[in-house]
Structures are given as C-alpha cells and as structure tokens.
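Report on one structure; see the data block that follows.
Here is the naming used below: chain letters follow the sequence lines, and residue numbers restart at 1 for every chain.
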Amino acid sequence: MSAVTGVLDVAWARTWVQAAAVAVADAKDELTELDRQIGDADHGFNMDRGFQAAAAKVVDAPAETVGDVLKLVAMTLMSTVGGAAGPLYGTAFLRAAKVTTAPELGPDDVVALLEAALEGVVARGKAAVGEKTMVDAWTPAAAAAASARDAGADAVGVLEAALRAAEEGAASTVPLLATKGRASYLGERSQGHLDPGARSTVVLLAAALEAARA
Amino acid sequence: MSAVTGVLDVAWARTWVQAAAVAVADAKDELTELDRQIGDADHGFNMDRGFQAAAAKVVDAPAETVGDVLKLVAMTLMSTVGGAAGPLYGTAFLRAAKVTTAPELGPDDVVALLEAALEGVVARGKAAVGEKTMVDAWTPAAAAAASARDAGADAVGVLEAALRAAEEGAASTVPLLATKGRASYLGERSQGHLDPGARSTVVLLAAALEAARA
Amino acid sequence: MKKLLNDPAQAVDESVEGFGLAHADLVEVRTDPLFVVRRQRPPHGTVAVVSGGGAGHEPLHAGFVGEGMLDAAVPGAVFTSPTPDQVGAAFVAADAGGGVLAIVKNYTGDVLNFETAAELADAEGVTVRTVLVHDDVAVEDSLYTAGRRGVGGTVMVEKIAGAAAARGDDLDAVAALAERASAAVRSMGVALHAPTVPHVGRPSFDLADDEIEIGIGIHGEPGRHRIPMASADEITKMLVEPVADDLGLANGEKVLLFVNGMGGTPPSELYVVYRAARRLLEERGVTVERSLVGSYVTSLEMQGCSVTVMRLDDELTGLWDAPVHTPALRW
Amino acid sequence: MKKLLNDPAQAVDESVEGFGLAHADLVEVRTDPLFVVRRQRPPHGTVAVVSGGGAGHEPLHAGFVGEGMLDAAVPGAVFTSPTPDQVGAAFVAADAGGGVLAIVKNYTGDVLNFETAAELADAEGVTVRTVLVHDDVAVEDSLYTAGRRGVGGTVMVEKIAGAAAARGDDLDAVAALAERASAAVRSMGVALHAPTVPHVGRPSFDLADDEIEIGIGIHGEPGRHRIPMASADEITKMLVEPVADDLGLANGEKVLLFVNGMGGTPPSELYVVYRAARRLLEERGVTVERSLVGSYVTSLEMQGCSVTVMRLDDELTGLWDAPVHTPALRW
Ligand SMILES: Nc1ncnc2c1ncn2[C@@H]1O[C@H](COP(=O)(O)OP(=O)(O)O)[C@@H](O)[C@H]1O
Ligand SMILES: Nc1ncnc2c1ncn2[C@@H]1O[C@H](COP(=O)(O)OP(=O)(O)O)[C@@H](O)[C@H]1O
Ligand SMILES: [Mg+2]
Ligand SMILES: [Mg+2]
Ligand SMILES: [Mg+2]
Ligand SMILES: [Mg+2]
C-alpha cells in the first residue's frame, strides 16, 4: 500500500511517518545545535529516537485510518522521546489522531488535524504565542491552514499553506525572549536564537507535505 | 658579620644559605619543569619552600660554626620540604654539619663536607651512581673535590672543582634510565631528561661557590 | 571527547546495569521500561517516595534508593526527562499501598512526563502526589521563566520525604514535609568548564580559559552571566549571598549547608568553598548545624560547584538525621 | 588553570580547615604541624592506625579518619609527602598506648619521611610499625624501579587495618593483617586527561584529544604507555587483565572489586567500567563478593579511573564488612 500523490489517506500517513523519520535524522545535528545554544543539546536526539521508533512501529502495525497511524506515533513518542518534546508532541499527535478518522482527509480534516495538534501542545505546555516555543510554529500553521481552506485550497494546498506559515512562525522566534521551557532560564541571552521545537515542527510539516506529493 | 672573600667560615655559611635561597627561587620553574617531565612537577616548589624557610631561619639564629648553620638548614629542610628531596637533602646537610665544626673550612674540610653529604644521601636513598638521581651529581662532586685537594687547591678551588664535576654529573643523567625515585615508574620514557635533583644539587653548589667569592 | 563509555546510545543502560550489580544488596534494576527500585520493600501501607529525571546527575537519583530515602528512581536519557511509561511503571512498582510521593525537579520536561505518568498510575489505582523542587535562585524571576529549576536542594527534599515515609507518616504528611523542605531550600551554582553530552561530543557551552559561568544549571545549559575567573572566596560569595538573601536568613537562624560538586571538581576544592561559605553564613549570625560536602547532584563531568542552604527547624533536623542506607548516602 | 581556590600556597591548609569544620563530629584538625586526628579517642591500649601522603588524593587519607579506619592522617603539600615532624606529631597524638601502625604508600618521599618520623616517635616512646602499600601493577619490574607504587589498594589496607585495631588486635596482629591485605591487592589505572597542580598551573602531562595514558599513577606522573582512545570495555580489559594475572586469580576465587574515579570522572562512567570489570572477572570464574565504586583515591581533577582487585578470604571479608564511620566511608 503506497501513497497516491495528493491523497491524504492511511498510506499517506504511513509515508509521512517514514519521511519524518528521515527528515528528523537529517536535521538531528541542526536541532541539537539549536538546543545547545539555548537549551541542553538534546532536542535532535530526542526527536530522532522518537521518530526512528515510530517509523519502525508504523511499518507493519495494523492501521485503518490516518488517526490509527497518528495514535501509534503519539504512543511511541510518549514512551521514547522524554524531555519536554515527548509529552508535547505525544499529546499533539494523540489529539490529531482523534479528529482524523475519515478514510481520506479533505481540506477541513487537515485544518482539524493542525488545530487539534496545536490544542494538544497548548493543553500540555500552557504556552502562548510569543513565548519562543513550538507554539509559535503551530499557531500560524493552523491559522494559515484555515485561511487556505476558506480560500478554496485542496488538502495538499492547505498543508502547503500551513508549512509556509510554520516556517515564518519558527523564524519569528529568533528575536524573542523565551519565557517557557528551558531556554527561559537564559533570560535575555535566549534572544537571537531559533527555537529548536519550532524548527522541528517545520521539519515534521515539511515531511507531511513531501509525503502528500510523493 | 658579612662574608670575607675566600674565607669559608660561619659568615660564608650564612651567605651560602641566602644565595641558595635566591638561586633556588630563580631555578624554581626550571626544576619544576624538569620534574614535570619525569616526576610529579613539585621539585622546584619543594626546594623553594625549604630554602626560603632556611634563609629566614638562618638570618638571626645564633651559630658559631659552619656546622651550626648547616644543622639549622638540615632541620628546616626536613620539616618543610617533604617529598623525596626533603629527607635526602635534610640528611645530607645533617651529616655535613657534623664534619664542619672548624672555625674556618680548609680544603680537607670542604672535601669532608661533600663526602658527608653524599654519604647522607646514599644512606637515606640507597641509590648508586647511574640510577639517575642526585647521587649522580654528588658522587663526582665529592671525588673531584678530593682530587683538587690532592692537587693542592685551596678551599675555594676545591669547591670550584666540585661544582664543575657536579655539572657534568648532572648532565650525565640525561640519557640514563631511572631506577630509583619517581622517575623509575616511567621505565624507558625516563631517558632523555635531566634529573631534577641532580640539577638542584648543582644549584646549591653554585651558590656555595658564589658565597665564597662574594 | 574522551569518556569512559562504549556506544553513547547505550551509556545510560550500561551505567545503570553496573550500578545495579554493584549495589544488588540495596536496589534492583528493572528494564523495559528502565527504572531502579528498592530491593527491601517497606511495610505495607508505607508511602513510597519516587523521583527521577535525566541521567548525567549521578548519584542523583538512583544513588538515593534504599532505606530512608527513595523507593524508586527513574533515569531518562542524558539530561532528558524519563518517559511517562517508565515513571508510571516505577510508581506502580514502588507503591506499597500507601500511595506515592513523586519528587520532581521543576523542568518542563520532567513536569510534563511525571504528570502524564501520574495519570497512568492513577488508572492502575495508585495515588500519586507531586512535590516540585525549585531551589535555584539563579533563575531570578519566575514570572518570566518556566519557574526556578530544581538542583542541589533535591537531595534535601528526597532525604526529608524518605525519612517521613520511613517513620510511617501518611501521604498527606509526607507531601507536606517535602513541601516544607522544598520551601526552605535554595541553591546557586557555578561552572568552570562545561560538560560534554556523550552523543553530542562537544562541550555544551564554551568558556574561555579565564571565564566562569555564574548561575549555571545542571543540564549544560548556560548560566545567567559570565565573569572573569575569580578566587574561591569571591566565587563562593557570589553563590552564598543570593541564596541567603532569597531565604531571608536572619541572625540566629540554623541551617544545613551543602556544597555540591558538579562531577569534575575534586573534594579538596569543595572544602575550600565550604570553608568560605561557612564563614559568610557565620558573619550573618547564621549557625551551620548540619553539613554535606560532595558530588551528589552532578552534571556529567562539569567542573564547578553549587551551594545549597536549607533553613532548619527541629523537625527537619530530626528527619535529616534519621537513618539512611542508600548507595550514595548512608548514616 | 581554573580551580576553586584562593592562594595556591594556602590551598591545602584551607581545604583541610574546611574539612575539619564540615566533619567536626568525627575529626579534629591540628596545625603547626598540620595533621588530622580522630575526635573520639579509642580505648587505651588500642593500636592506632595512621597514614598520610601528599595532598590532592582526597578523600584519601583524612576522609578515612574516624571509627574503624584511621586514627590520624597527615597531608603534605599537593603530591608531596608530608614532613617527618608532621608525621611524627601525628604518631604521637594518635598513639593510645597500643603502638602505631603506619600505612605508607610506596613512594621514595613517603617512605623516607615516614621512616624519619618513626625515629622521632620512637624517641618519644611511641612504637611504630610500618606496612607498605604497593599495589600498582603498572610498575612492571620492581628490580628496576623504586618498587610498585601505592594507589587504590590503600583504601583496602587502611580499612582492614582499622577494623583489626578496632576489634582489639595488638600491633603485631594489626600489622600482619595489613600486610596480608597489602599482599592481596592489585591495581591499575588510566588517565584521559592530566591533572593540573595548582602552583604549576598547567597539566602535568600532555595528552592529545584522542589519546589516553595507561598505567597512570596518582601524582600526575605519566603512565607506562600512551594509546589511542578506546571504548570503556577495551580500556577496562587493559586494566583488569594485568591485575588479575598478577594476582594469579583462579576459577572459584572470591574478590573485592573497587572501581576508583580519579577526581574528574563522574560516577556514571565508573559504573560502566564496573560492569565491564565484573564481566571480565566472572569470565575467569571469579566471584565479586564485595564492591566499591567511587572517587576515593583521586589525583586532583584528573579524568580517568583505576581498577583494584583484592583477593578475599573469610577474615578479610569480615574485616572489610566491620563497621566504619568516617567522612568518606561509612557502614
Ligand atoms: N511549555 C512549553 N510549551 C510548548 N513548547 C515547549 C514548552 N517548553 C518547551 N517547549 C518546546 O520544547 C523544545 C525543547 O524540547 P527538548 O529539547 O526535546 O526538551 P528539554 O527542554 O526537556 O530538553 C523547545 O524548543 C520548545 O519548542
Ligand atoms: N632513592 C633516591 N636516592 C637519591 N636521590 C633520589 C632518590 N629518589 C629520588 N631522588 C631525588 O629526588 C628528586 C625528586 O625530588 P622531589 O621531586 O622533591 O620529590 P618527589 O619525587 O617525592 O616528588 C629526584 O630528581 C632525585 O634526584
Ligand atoms: Mg533540550
Ligand atoms: Mg617531585
Ligand atoms: Mg533535555
Ligand atoms: Mg612529590
């Protein structure tokens, strides 16, 4: 069962996870270096550990819907990532899984997926926009997705809009002063650096789009 | 009471100790560096601690003879130097003190001083010539002193001969493989380095000669 | 990077395995998921005290598993909070029917993972109460941060809670005492040289040969500011003053003074700092009633130290003095 | 050089002063000359066990002063044997009428200074017997050296002697047991990074980023050979094999395994080495009956470790297990 271009079904979800595992492995050093500057130099390792495990699980686990795949990812991240990112991404994928039970995701479903993920991150981490966390990537991504849907984009178009907004959102964290997470200990010295979790959010969304186009 | 040139009396002995303190301070880094290469990088500090203390003691302690001064030095080295050098030099000065009770040392007395010092080092340390220790400086020094005396040199001439021989003896330690003291742990890696204790022996004898010429 | 390890990815597992072998009389190491639990189970109904966090701080936490302190400890990857399944399994394994007190160092990761783990344990009928340790005064303003970090004071909170549990206090009482200990303890640290996380391979931050980092945490995160190298007395003052000020220590008060090594600093230097810290406290009219000097909350091989002060009252002193028998702390 | 100290020339005095303040319940620090003596004097007629040596190896020796181990310890300057007047004063102060057993690490300086000190004490009517520790198998051929160095095994010899003295053995018996312990113990060490002596200010030897030094001592003296960095398992093998071979350990024998940190190596790494060492011994059919893991015989902040193995018999095991209450070792 391989993914059909432009169709966001369970095959796409599986491909997404594999693509995410490859992309996170490629970004491992970059993420770790970002975290070395304002955190504790483990974000790349945490994410890589989690997504390699998720990719291995997803390969032959039974899954009927996108939601089934995302739930498996959620549970795997929860039990392998640790750190702040583990429960945050774990909850994001768990919430996203709940709203992606359709056989194939349409524009509305993609928006729902992103909004649920964002809600999950906020529910766990209690961060608002501007605190220099992954929320600064997820929030504009979900908003841009909704706008694109309203403007008539298809599911892939919605994803594309989300990715672009996430990229801008991640970039916007550079000048911010962190007030949540480990980077907040640095006070003003946290300014001038890209937030690692915002960057990994971009990597994951890029993998989702790549999988849709594969 | 200041030293009279060429007269090896108690004033000379006092001047010797002061000159030795200055010379050891000057050689402190050199001795430590030699000991860093084949030992534990403390010989310069050990000697400096000892001779600063000895110089301070000798300044106003009552002393009738050269032997009185050397005994004070011996006791001070014993209680301040530590390490291998402390008991070795301490015993050397103690033995030398016993044979230097004349009001003024003649050529015979200088030979006796050096021979007694050598015996003291050997009695404590049980090293023979060729084991890459201070014995390799003291042994030729005592022998050359005796030859110079036999050849009719005066006290200062005897000291001069001893110093030259000590210098050669110290230099002869460079290719040797250490079989006594800390350097022996290095096995063949001890070769190619000057023995720190042999070098400090030269520094002390040079100060004795300098004091005699002052 | 030179470290005594094999595959960095296996370092925690291998280290904990070695720890379990060396201290088999006191602890048992469980794998899949990984945690350390006391070998001698306490009497039924006793409150279990459980802690955990990223590896790299040894002997914290596993070194404190045993009689009179922790019932279980959960190591994560290096400097990375353990996962909820690990922590949840430790909660369930340690519970002796009296419920579990979880002692959590206040880091977003630890808080989130322990929170999720408590939900898991609750689903299995195990009651979990949580007490946060947030003693690091280097994190100055908690309104604009994730709150103060938990550092050296964790040892005190774990010891007090463990002693309360061992004497039979119920979960509410143990939690209340742990909170009191947590409220009474403050710390501040300095780094002379950054640690190197094994899988990263280079120092977590860069310090010049004549620079030190004041207000350092224990995860290789940089501190609050960088200053030129100074004497032990001067550095100690920069640690003790903010701690004593924040505690509001007054003339006549009694404290426990803990000088903690960060992993790469030998005891001789810690005692020089202890001497200076003690003088500074005594100058304030404060009496040092209890002391602890050693490397108990480390940051891999980081060079540096932290100073922890806990305000003592008779009950806290008694609980501190109560017998403890663990691999790393024993009396 | 970055260290937590003030004037390097005062470092030992200040450190010992801090040590005395932190452990005033157990020890008393005497100055002029400097030594550390047990606060609780043993019953009259008990053998006093005294040791000492250069500073920089803390907690050795002062950390072992207390009940069941040392009665006094004498610190010299860093890496420099103490002087005879110091050692002699400690002998006299520690003597409880049963004579003194001096435990001396086999270095020319220590041997000579303790020898002289014994003469001084003898003049005051105090009988001193000396036992040498020379456990370092890195010094391969004792005919061409000052003899094997005393390193990690010193902890075992001091503990055994202290336990024998505490149970009331006379001087001959305590000395005989210390000799037996000394004969039964062997060690070998590795350095990943050299220590820096405070007054020298630069590392005692230079190691490249990918080199380690095998057969290292504890005074910053270089080791026997330099090899490329290797895994913990490989390094441990290079330490355990010569130790086990030299002891001639046979199938079925029982040992104590001591993995010692050199000062700058954190516990997590020591446990990885312990795990490897234990496997190697078990492969030989040797049973590890007792274990010690920690930084007990350090070389300032040197990074590295040593492995010590002591062949056990029932009496040595019993003496090792006997109660001990000192700042650094307690059970
Ligand atoms: N309270 C929070 N809400 C949302 N995201 C957060 C929060 N705290 C931290 N993060 C995100 O987590 C990232 C760090 O993850 P990671 O390095 O894996 O965990 P840790 O900080 O425990 O080492 C940060 O870059 C940030 O994006
Ligand atoms: N057995 C010995 N006999 C004579 N000299 C010795 C002996 N052992 C060591 N030495 C001398 O002592 C010197 C080292 O002194 P020092 O560094 O002060 O002591 P330590 O070796 O204890 O650090 C050596 O260079 C050597 O000349
Ligand atoms: Mg991180
Ligand atoms: Mg030396
Ligand atoms: Mg982390
Ligand atoms: Mg020395």
Open item on the list: Donor-acceptor pair, distance only, cut-off 3.5 Å: does the side chain of D:D210 make one with the backbone of D:P228?
Closed with: no

Task: Proximal component of C:L21, with respect to chain D [non-hydrogen, under 4.5 Å] - done: both

Task: Any donor-acceptor N/O pair, C:T154 side chain to C:G152 backbone, under 3.5 Å - done: no

Task: Toward chain D, the part of C:R279 with a non-hydrogen atom under 4.5 Å - done: side chain

Task: Heavy-atom proximity to chain D below 4.5 Å, by part of C:S295 - done: neither

TODO: Heavy-atom distances under 4.5 Å only: say whether C:Q10 touches chain D with side chain, backbone, both or neither.
DONE: neither

- [ ] For each of C:D209, C:I212, C:V288, C:V12, tally heavy-atom pairs with chain D at distances under 4.5 Å, and name the one with the top tally.
- [x] C:D209

- [ ] State the CD1-CG distance between D:I216 and D:L239, to the nearest 0.5 angstrom.
- [x] 11.5 Å

- [ ] Of all the heavy-atom pairs spanning D:I218 and D:F79, show the shortest one and how long it is.
- [x] O-CE2, 3.4 Å

Task: Contact class of C:A191 relative to chain D, heavy atoms under 4.5 angstrom - done: neither

Task: Contact origin within D:H23 toward chain C - heavy atom pairs under 4.5 Å - done: side chain

- [ ] Output the option from D:D25, D:D7, D:T298, D:N6 having the highest count of non-hydrogen pairs under 4.5 Å with chain C.
- [x] D:N6

Task: Chi angles and distances behind the salt bridge (charged side-chain N to carboxylate O under 4.0 Å, His left out) call for C:R330, C:E67 - done: CA-CA 9 Å; C:R330 181 165 179 181; C:E67 204 183 310; over 6 Å; no

Task: Check: C:T196 main-chain N/O paired with C:E301 side-chain donor or acceptor under 3.5 Å - done: yes

Task: Closest-packed option against chain C by number of heavy-atom pairs under 4.5 Å, given D:G263, D:P198, D:A22 - done: D:A22

Open item on the list: Taking side chain as everything from C-beta outward and backbone as N, CA, C, O, which of these in C:A11 sits under 4.5 Å from a heavy atom of chain D? Side chain, backbone, both or neither.
Closed with: backbone

Task: Test item: D:K3 side-chain N/O and D:G201 main-chain N/O as donor-acceptor pair under 3.5 Å - done: no

Open item on the list: Looking only at the side chains, is there a donor atom on one of D:R278 and D:Y274 sitting less than 3.5 Å from an acceptor on the other?
Closed with: yes

Task: C:S15 portion near chain D, given a 4.5 angstrom heavy-atom threshold - done: both

- [ ] Heavy-atom pairs under 4.5 Å with chain D are the metric here; pick the option from C:S291, C:G304, C:S268 that has the most.
- [x] C:S268

Open item on the list: Has D:T308 got a side-chain atom pairing as donor or acceptor with D:S187's backbone, closer than 3.5 angstrom?
Closed with: no

TODO: Give the member of D:D233, D:L257, D:V259 that has the highest number of heavy-atom pairs under 4.5 Å with chain C.
DONE: D:D233

